[in-house]
Amino acid sequence: MKMVEFTVLQTKLKSLFDKTGGVLFKSLLITGLAFYLLLIFFANQPCCQSSELLTSLRHRWVWNARRSFSVASATNISHIVFGVTGSTNTWRSRRHYIEEWWQPNITRGFVWLDRIPSEYLPWSPSSPPYHVSADTAGEFKDYSRHGMPHAIRMTRVILETFKEANENVRWYVITDDDTVVIVDNLVEVVGRYDHNKYYYIGGNSESIGANYENSFEMAFGGGGYALSFSLVQALVINLDECIKRYPTLYGSDHVLQSCILELGVSLTHEKGFHQIDLVRNIWGFLSAHPQAPLISLHHIDVVEPIFPSMDRHQSLEHLMKGAEVDSSRLLQQVICYHKKSNWSFSISWGYSAQIYEKIHPPSFLQKPLQTFLPWSNRARPGFMFNTRPLSNDPCEAPHVFFFRSVERANRTQVITNYSRSSPRKLPTCLSSGNHSADSISEIRVLSPVKRLNWVGRRECCDIVRFHGFNVAEVRVRGCRNDEIVA
Ligand SMILES: *[C@@H]1O[C@H](CO)[C@@H](O)[C@H](O)[C@H]1NC(C)=O
Ligand SMILES: *[C@@H]1O[C@H](CO)[C@@H](O)[C@H](O)[C@H]1NC(C)=O
Ligand SMILES: *[C@@H]1O[C@H](CO)[C@@H](O)[C@H](O)[C@H]1NC(C)=O
Ligand SMILES: *[C@@H]1O[C@H](CO)[C@@H](O)[C@H](O)[C@H]1NC(C)=O
Ligand SMILES: *[C@@H]1O[C@H](CO)[C@@H](O)[C@H](O)[C@H]1NC(C)=O
Ligand SMILES: *[C@@H]1O[C@H](CO)[C@@H](O)[C@H](O)[C@H]1NC(C)=O
């Protein structure tokens, strides 16, 4: 790597020198080389504070060079403007979801309401600033046969947000008022795409029925979607005319998708956006999240609280404790085995852990346990992914643990702690040797402090030790090149 950089530099300077043969370039060459050697020297000194900076600069250079586009600087939180689609009547309960992720004076954007929220004034500084959507009822009177009363107003949120904020913007992100966003992961994911091109990024529904009734290629508004600046600039020009061409579609997200398709842009699916068109208990789903950074969760007030013995707000606050320490690993699944007792461990970082008294392969464990039902029961099969049924077979039913606490152990390790939610109340799995896991009450997971580096592969783990009969300690680490989990 260094030699390559060096040779390129050398060749560039040499050709410049050859062309002019000037004294100036000779001295430039010498200065340049001296500086470069200095850079290498400092970058290799573990002692020096500046070495971290230099390494990170070099990293960034390599990272940018690997992308198919080049930008002056990495995308950060200031480049994103949020448009939260709200309504004054539901603000009382919904504001808590937004305040869970909104960072005053850091996240940019607005919540769009349908009338002045007089009952909430003075407006809380913990909420996004509010705007009242333009009253367009008259203009669109003949064009609204939408099933959702606010469909047109909600579609226009992108236009109104663009008008309010368009300086130094790379992405617009539109969400509902009952959407929770993991902002750091959103920044990381949109940063992989070129905002100067036309991008429409989001996720569809988990429910086949909902996709069937709307579109499989539509970003569902509750999960939220990210539109590149260039796309929005083009989209807003004719948006009002476009809205009139789709007077009967149900939701604003469907109207918007239709208008974006008129520009020839189709959906880029990102697996971390979650509409959560599921009902009942979603722990099975969240315990086998796809390998992609968690970006959003919606419909938190429709599903059961995601942690047992907590209410919905406590549950979200609790989930965010893990996100604050390491959002890149949040809900990421790792799988490892304790061969001496034929146990399988499956951990969804910052959320839950499971022990099976049998060796089950990753292809089995990555299928969510179906603890939930689809939004609409009309389509069979119900889901966009495979599930496995809840079972009373002692070899298939897991011991279930939930995230309890997170702490930084030291400069290199984070410890998350998962404790048993309730006894499994089943006999031991006999076919794999009669090794009961009933006594395990806590799983301690050590993971690196470094952000997870996405290499298209799940991380690996080891069961490092047991503390007495009750506590299992698991270490998360990068996998070796040819390592298999079996
Ligand atoms: C984001 O990057 C821009 C440069 O593109 C910089 O001016 C700004 O300060 C950065 N914001 C944060 C929060 O890092
Ligand atoms: C946000 O910025 C404003 C003006 O700069 C300041 O008055 C306010 O205290 C800040 N709010 C927070 C929560 O930091
Ligand atoms: C950090 O803490 C973990 C867990 O307590 C321990 O295993 C590891 O050796 C510690 N590392 C350092 C460098 O102290
Ligand atoms: C893990 O959580 C349990 C239950 O709250 C607690 O008793 C235990 O001390 C915690 N362990 C660590 C290492 O934090
Ligand atoms: C693990 O299970 C297999 C059968 O699935 C069995 O043959 C083997 O003896 C078991 N190992 C232990 C240590 O119990
Ligand atoms: C399984 O193990 C338990 C506890 O060690 C023992 O009481 C029981 O008899 C064993 N069952 C069989 C079928 O071996």
Side-chain angles (χ1 to χ4, degrees), residues 46 53 56-57 59-61 63-64 67 69-82 101-109 165-173 181 183-188 190-196 228-230 325-327 329 336-345 347 349 355-361 364-365 393-396 405-418 427-438 442-451 461-467 471-478 486:
L53 177 69
S56 93
L57 280 177
H59 250 87
R60 185 160 300 178
W61 183 81
W63 167 236
N64 275 336
R67 293 197 266 201
F69 64 100
S70 64
V71 287
S73 63
T75 293
N76 66 42
I77 194 168
S78 328
H79 295 121
I80 297 179
V81 172
F82 292 90
W101 61 270
W102 189 258
Q103 299 164 38
N105 292 353
I106 298 176
T107 34
R108 297 169 67 187
N166 48 38
E167 298 277 317
N168 299 318
V169 181
R170 295 185 182 180
W171 297 93
Y172 289 94
V173 174
V181 180
V183 177
D184 288 352
N185 290 351
L186 172 71
V187 171
E188 197 269 322
V190 296
R192 299 173 186 178
Y193 298 90
D194 185 350
H195 57 277
N196 294 308
S228 61
F229 183 80
S230 298
V325 174
D326 186 355
S327 65
R329 282 196 176 73
C336 44
Y337 303 109
H338 188 250
K339 293 280 170 70
K340 276 191 198 141
S341 28
N342 273 341
W343 289 347
S344 306
F345 283 68
I347 291 147
W349 195 96
I355 299 178
Y356 296 80
E357 292 177 358
K358 186 185 173 180
I359 304 289
H360 290 293
F364 175 87
L365 295 171
D393 176 344
C395 303
E396 293 212 349
S405 62
V406 57
E407 61 175 304
R408 283 174 211 270
N410 48 41
R411 286 180 53 182
T412 58
Q413 299 273 2
V414 171
I415 302 183
T416 44
N417 178 6
Y418 306 77
T428 310
C429 170
L430 292 177
S431 66
S432 64
N434 194 15
H435 305 290
S436 171
D438 282 346
E442 183 186 325
I443 301 178
R444 238 174 250 171
V445 176
L446 310 181
S447 54
V449 165
K450 263 193 348 251
R451 269 184 80 87
C461 57
D462 302 303
I463 290 113
V464 280
R465 69 171 77 96
F466 291 90
H467 300 272
V471 180
E473 190 173 301
V474 176
R475 197 183 64 219
V476 175
R477 57 170 174 82

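Treat the numbers as computed from the prediction; the structure is a model and nothing was measured. Just follow the structure's listing: the first ligand is 1, and inside any ligand the first atom is 1.
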- Message: Less than 4.0 Å from atom 11 (N) of ligand 3, is there any heavy atom belonging to the protein?
- Response: yes
- Message: My question is simple, although I want it checked carefully: is atom 2 (O) of ligand 1 less than 4.0 angstrom from any protein heavy atom?
- Response: yes
At what distance is the nearest protein heavy atom to [atom], and which residue and atom is it?
{"atom": "atom 4 (C) of ligand 1", "answer": "S73 OG, 3.7 Å"}
{"atom": "atom 6 (C) of ligand 5", "answer": "N342 ND2, 4.2 Å"}
{"atom": "atom 5 (O) of ligand 3", "answer": "A409 CB, 4.2 Å"}

- Query: Is the shortest N/O to N/O distance between K339 and ligand 5 below 3.5 Å?
  - Reply: no
Numbered atoms and elements of ligand 5 in range of [X], under 4.0 angstrom, heavy atoms:
{"X": "S431", "value": "4 (C), 5 (O)"}
{"X": "S432", "value": "1 (C), 2 (O), 10 (C), 14 (O)"}
{"X": "K340", "value": "13 (C)"}

- Taking the inter-plane angle between the rings of F345 and W343 on a 0 to 90° scale, is it parallel (under 30°), tilted (30 to 60°) or perpendicular (over 60°)? tilted
- Query: Counting from 1, what ligand 3 atoms have a heavy atom of N410 closer than 4.0 Å?
  - Reply: 1 (C), 2 (O), 3 (C), 8 (C), 10 (C), 11 (N), 12 (C), 14 (O)
- Would V169 and R108 satisfy side chain to side chain contact (heavy atoms under 4.5 Å, CB included), going step by step from the backbone distance to the final call? CA-CA 10 Å; V169 181; R108 297 169 67 187; 3.7 Å; yes
- Between CD of E473 and CZ of R465, what distance do you get to the nearest 0.5 Å? 4.5 Å
- Query: At what distance, to the nearest 0.5 angstrom, does CG of L186 lie from CH2 of W101?
  - Reply: 8.5 Å
- Message: I'd like to know if H435 contacts ligand 5, where contact means a heavy-atom distance under 4.0 Å to any ligand atom.
- Response: yes
- Message: Is it the case that over 12 heavy atoms from other parts of the model lie below 6.0 angstrom from the CG atom of N168?
- Response: no
- Task: Apply the test side chain to side chain contact (heavy atoms under 4.5 Å, CB included) to residues W171 and V187: give CA-CA distance (whole Å), side-chain angles for both, the deciding distance (0.1 Å), then the verdict.
- Result: CA-CA 9 Å; W171 297 93; V187 171; over 6 Å; no
- Note on the structure: Among N76, I77, N168, the residue with a heavy atom nearest to atom 8 (C) of ligand 1 is N76
- Minimum non-hydrogen distance to atom 13 (C) of ligand 3, winning option of T412, V464, L446, V449: T412
- Message: Residue-level breakdown please: for S341 versus ligand 5, do any non-hydrogen atoms fall below 4.0 Å on the side chain, on the backbone, on both, or on neither?
- Response: neither
- Query: Side chains of V471 and R444: does their closest heavy-atom pair fall under 4.5 Å?
  - Reply: yes
- Establish, from distance only, whether the side-chain atoms of S447 and W349 form a donor-acceptor pair under 3.5 Å. yes
- Just do the side chain to side chain contact (heavy atoms under 4.5 Å, CB included) check on C336 and I463 with the steps written out, would you? CA-CA 7 Å; C336 44; I463 290 113; 3.9 Å; yes
